[in-house]
There are 2 protein chains.
Amino acid sequence: MLTERQMLVLEAIVRVYTEVGQPVGSKSVVDFLPMHVSSATIRNEMVALENKGLIKKTHSSSGRIPSFLGYRYYVDHIVQPGVVPAAELVNIQNSLGVHFQKIDEIFAESTKILSDLTNYTAISLRPETTESRLEGFRLVPLGNHRIMAILVMSSGVVENQTFSIPKSINGSDLEAVTRLLNDQLIGLSLAEISMKLRTSIPVMLVDYMRRPDGILDVFGNILKQAAREQVFVGGKSNILDFATDSNVDELKSLYDLVDTSNNKNIGDLIGIQGKPIQIKIGEELTNQLLDNYSLISASYDVSDHGQGVIALLGPTNMPYSKMIGLLDAFSDELAKKLLDYYQQFDK
Amino acid sequence: MLTERQMLVLEAIVRVYTEVGQPVGSKSVVDFLPMHVSSATIRNEMVALENKGLIKKTHSSSGRIPSFLGYRYYVDHIVQPGVVPAAELVNIQNSLGVHFQKIDEIFAESTKILSDLTNYTAISLRPETTESRLEGFRLVPLGNHRIMAILVMSSGVVENQTFSIPKSINGSDLEAVTRLLNDQLIGLSLAEISMKLRTSIPVMLVDYMRRPDGILDVFGNILKQAAREQVFVGGKSNILDFATDSNVDELKSLYDLVDTSNNKNIGDLIGIQGKPIQIKIGEELTNQLLDNYSLISASYDVSDHGQGVIALLGPTNMPYSKMIGLLDAFSDELAKKLLDYYQQFDK
DNA sequence: TTTAGCACTTAGCACAATAGAGTGCTAAGA
DNA sequence: TCTTAGCACTCTATTGTGCTAAGTGCTAAA
């Protein structure tokens, strides 16, 4: 258990360290504290905090920096969400206020706004997609033996892919296949569809086409794509700013990590969201590369369309208070915007 | 005009520098040359080359490195395309030999193969798209007042976008609009379509929908997207390996430059292709950031589907001979593959 | 024209010296 | 018992110094 003063000292160390980026000495803490005590007193308190494992030195005569446990204690017991300046809030509202044609654009743009606002990397997860179900399926002939397959999900997601069929299948066959797939698959979740595609569907298709593999591949591809496109990342290159040493290989690995174009699933970092605001620090991110990073994630509900998550990936020594406040406000605005969007279709 | 021996010395300096990465001294040149002369002789030749501006020193007593002019002279008058090892050729053929559903996949995959092969960044431009014409246009209702617009181009490109219409338009209106747009736009190039969209089309649409802006916006968007998706980049992160100093800001800018997701048009680097193989060195790339990079681009013809370009972006001191040979062979294979692909539909 | 020889230049590295920031401990004061 | 001034001590970071290796330009002889 920490005394009142020890909490103040810990807070001082965390906050000064996030601002200055240098180990914090006893004198700096004195300057930061509301009451007056001597630096010797602070040194004694620091020894106590160090014994509890909350702060550490970088070398025997250096100032202190928060340890992993120290950050943890700070975010669990000390930090208060910062107040978002009115100007910034208006800024967010304006940025989100424009009209979007596709729901994807809302997510893509919101991560971009958030990363520009913070200079960190922003990650957005769509509202609850395990709940999303197939709403419709189309096969559109494009001429020249090519066909576009379109999937419409209840979450508002639309996925599509073009593919070619080796020999001409006539139009009524195509319609029959479309009807068949619609009958069989509508109302099912992605996982259930995946299952049926491997079991009952192939047998049914043989009536209409000699080799149904092609269209099944396409379906499989679209499903994979749908899963990947649940995650949006903005400000990818910002992550490079906080690499410990600017070793090029490390930088490349970091960028790969957040680059959604290469099938990495950065969404896994975020995991299940219990509380509205959740913070993972350094080693909690279970990736060697991210030992010096923290992730603040905020979940939000969009009425009955499920729960989305938006998160910030920044250095462990980021200004938590400010960022928590910002993310909180931002997720509120985003939820409102999404609700608006869905209401276009709901009534 | 250079003497025979001066050309040999210049070649030695370029080639040793590309292998070792260090300024080349007179003794190293002696070791490289086919005949025997003393280092003092080489030093005299080096003074001559330096006076012509083909090589330079990094400091008063250092070895020499090629200057911009020196590279230029080397690639224009000295270098011979390297022979591609049979094993590597087979490797390329195998990698390109698999079946692709979409033409996009061929381009995306080929840049990936090429960048893996070289550890540089590979850039691919689709065959001649100024020649590409609209082949078909579809509007597909997805339910819930949403519509997907699909454009099929003669180049094999398929672009699509979903959008929402504020109030329900009935099915026959939609068909009429589709028919109208097909009548008016098929056979036109992207540029011509762009034009018509701003002039005659809006007037015609008013009969079917009160506010045709929505669909016109969508059309505009798709066209923009089609233009952007002419460029494919593989091995983006490889560009970081050759930054002069690993200053993080510079690295971020480099990433941004090759990241197609942010509307930058790296395709502009390549420009119009006169010769089958074209090499741009350092400052010729007209981008401060790329002063230490060179671009080797190879153009290829796909019968009457126009001319494509595939290029490598690497450090100025890359092994030109080897890379030219490789790129030459690679573009041949790619052209064959594309021809195969188009022939699926042509007959 | 080529070459050996030599004086000269520079980068890069190891090493020492110094200043500055910060700590822990002790002893005295409240 | 808690707080504080004072001081010795530790470590980093910076600056300067000397040395070595690599390479050059020049000269004079072959």
Side-chain angles (χ1 to χ4, degrees), chain A residues 1-10 12-17 19-67 70 244-246 317, chain B residues 1-10 12-17 19-67 70 244-246 317:
Chain A
M1 205 45 208
L2 297 193
T3 66
E4 191 69 20
R5 193 167 66 189
Q6 284 168 348
M7 302 229 313
L8 284 170
V9 173
L10 178 58
I13 291 174
V14 172
R15 296 192 49 182
V16 172
Y17 185 55
E19 276 165 36
V20 184
Q22 289 295 314
V24 183
S26 49
K27 286 197 195 127
S28 322
V29 173
V30 169
D31 293 344
F32 186 92
L33 289 184
M35 70 283 203
H36 183 75
V37 283
S38 79
S39 65
T41 308
I42 298 302
R43 283 200 289 284
N44 291 333
E45 296 286 34
M46 284 164 108
V47 171
L49 288 172
E50 189 166 9
N51 289 336
K52 290 180 202 283
L54 298 174
I55 57 177
K56 61 185 178 186
K57 305 189 238 187
T58 58
H59 60 84
S60 73
S61 73
S62 80
R64 304 306 210 294
I65 61 173
S67 68
T244 29
D245 59 329
S246 20
N317 62 334
Chain B
M1 206 45 208
L2 297 193
T3 66
E4 192 69 20
R5 192 166 68 189
Q6 284 168 348
M7 302 225 319
L8 284 170
V9 172
L10 178 57
I13 291 174
V14 172
R15 295 190 52 181
V16 173
Y17 185 55
E19 276 165 36
V20 185
Q22 290 295 315
V24 183
S26 48
K27 286 199 196 123
S28 323
V29 173
V30 169
D31 294 343
F32 185 91
L33 289 185
M35 70 282 201
H36 183 75
V37 284
S38 79
S39 64
T41 308
I42 299 303
R43 283 201 288 283
N44 290 332
E45 296 286 34
M46 285 163 107
V47 170
L49 287 172
E50 189 166 10
N51 288 337
K52 290 179 201 285
L54 298 174
I55 57 177
K56 61 186 178 185
K57 304 190 241 187
T58 58
H59 60 85
S60 75
S61 73
S62 78
R64 305 304 211 294
I65 62 174
S67 68
T244 29
D245 58 329
S246 20
N317 61 335

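Within every chain, numbering begins at 1; the chains are lettered A, B, ... in the order of the sequence lines, protein sequences first and strands thereafter. Small disclaimer: the values here were computed from a predicted structure and weren't measured.
Distance, M35(A) CE to dT3(D) P: 9 Å, rounded to whole Å. Straight-line distance from the CG atom of D31(A) to the C1' atom of dA21(C): 14 Å, rounded to whole Å. Distance M46(A) CE to dT23(C) C1': 9 Å, rounded to the nearest Å. Rounded to an integer number of Å, the gap from Y17(B) OH to dA22(D) P is 19 Å. Going from atom CD1 of I42(B) over to atom P of dG25(D) covers 13 Å, rounded to whole Å. In this structure, E50(B) atom CD and dT24(D) atom P are separated by 10 Å, rounded to whole Å. The CD-P distance, from Q22(B) to dA22(D), rounds to 12 Å in whole Å. One atom, CG of N44(B), and another, P of dA28(D), lie 15 Å apart when rounded to the nearest Å.
Here S39(A) lies out of heavy-atom contact (under 4.0 Å) with every strand. Nucleic acid contact for K27(A): none, since no nucleic acid atom lies under 4.0 Å from a heavy atom of the residue. Note on S26(B): only backbone sugar-phosphate atoms sit closer than 4.0 angstrom, heavy atoms only; bases stay farther off.
For the OP1/OP2 pair of dT3(D) and a distance below 4.0 Å, the side-chain nitrogens and oxygens of R5(A) include at least one atom meeting the criterion. OP1 or OP2 of dT3(C) has at least one side-chain nitrogen or oxygen of S38(B) nearer than 4.0 Å. Contact check, K56(B) against dT24(D): no side-chain N or O comes under 4.0 Å of OP1 or OP2. Distances shorter than 4.0 Å separate some side-chain N or O of S60(A) from OP1 or OP2 on dC11(D). Close to dG24(C), at under 4.0 Å from its OP1 or OP2, lies a side-chain N or O of R64(A).
For the pair S26(A) (side chain) and R43(A) (backbone), a donor-acceptor distance under 3.5 Å is absent. For S62(A) (side chain) and T58(A) (main-chain N/O), a donor-acceptor pair under 3.5 Å exists by modelled atom type.
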Residue pair V16(A), Q22(A): steps toward the side-chain contact (heavy atoms from CB on, under 4.5 Å) verdict: CA-CA 8 Å; V16(A) 172; Q22(A) 289 295 314; over 6 Å; no
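Of the two residues contacting DNA chain C, namely A40(A) and V37(B), the nearest-nucleotide position lying further toward the 5' end is that of V37(B). Heavy-atom distances to DNA chain C give each of G63(A) and S62(B) a nearest nucleotide, and the one nearer the 5′ end belongs to S62(B).
Summarising the geometry of L8(B) relative to M35(B), their closest heavy-atom pair is CD1-CE, 4.0 Å, with the distance given to 0.1 Å. Nearest heavy atoms, A12(B) versus V29(B): CB-CG1, 4.0 Å.
Among the nucleotides dC11(D), dT2(C), dG25(D), the one closest to the side chain of H59(A) is dC11(D). Nearest to the side-chain atoms of T41(B) among the listed nucleotides dT2(C), dC11(D), dT4(D) stands dT2(C).
Residue K27(B) places its NZ atom among 12 or fewer non-hydrogen atoms of other residues, nucleotides or ligands, all under 6.0 Å distant.
Counting distance only, with no hydrogens placed and no angle test, the side-chain atoms of S61(A) and the base atoms of dT10(D) include a donor-acceptor pair under 3.5 Å.
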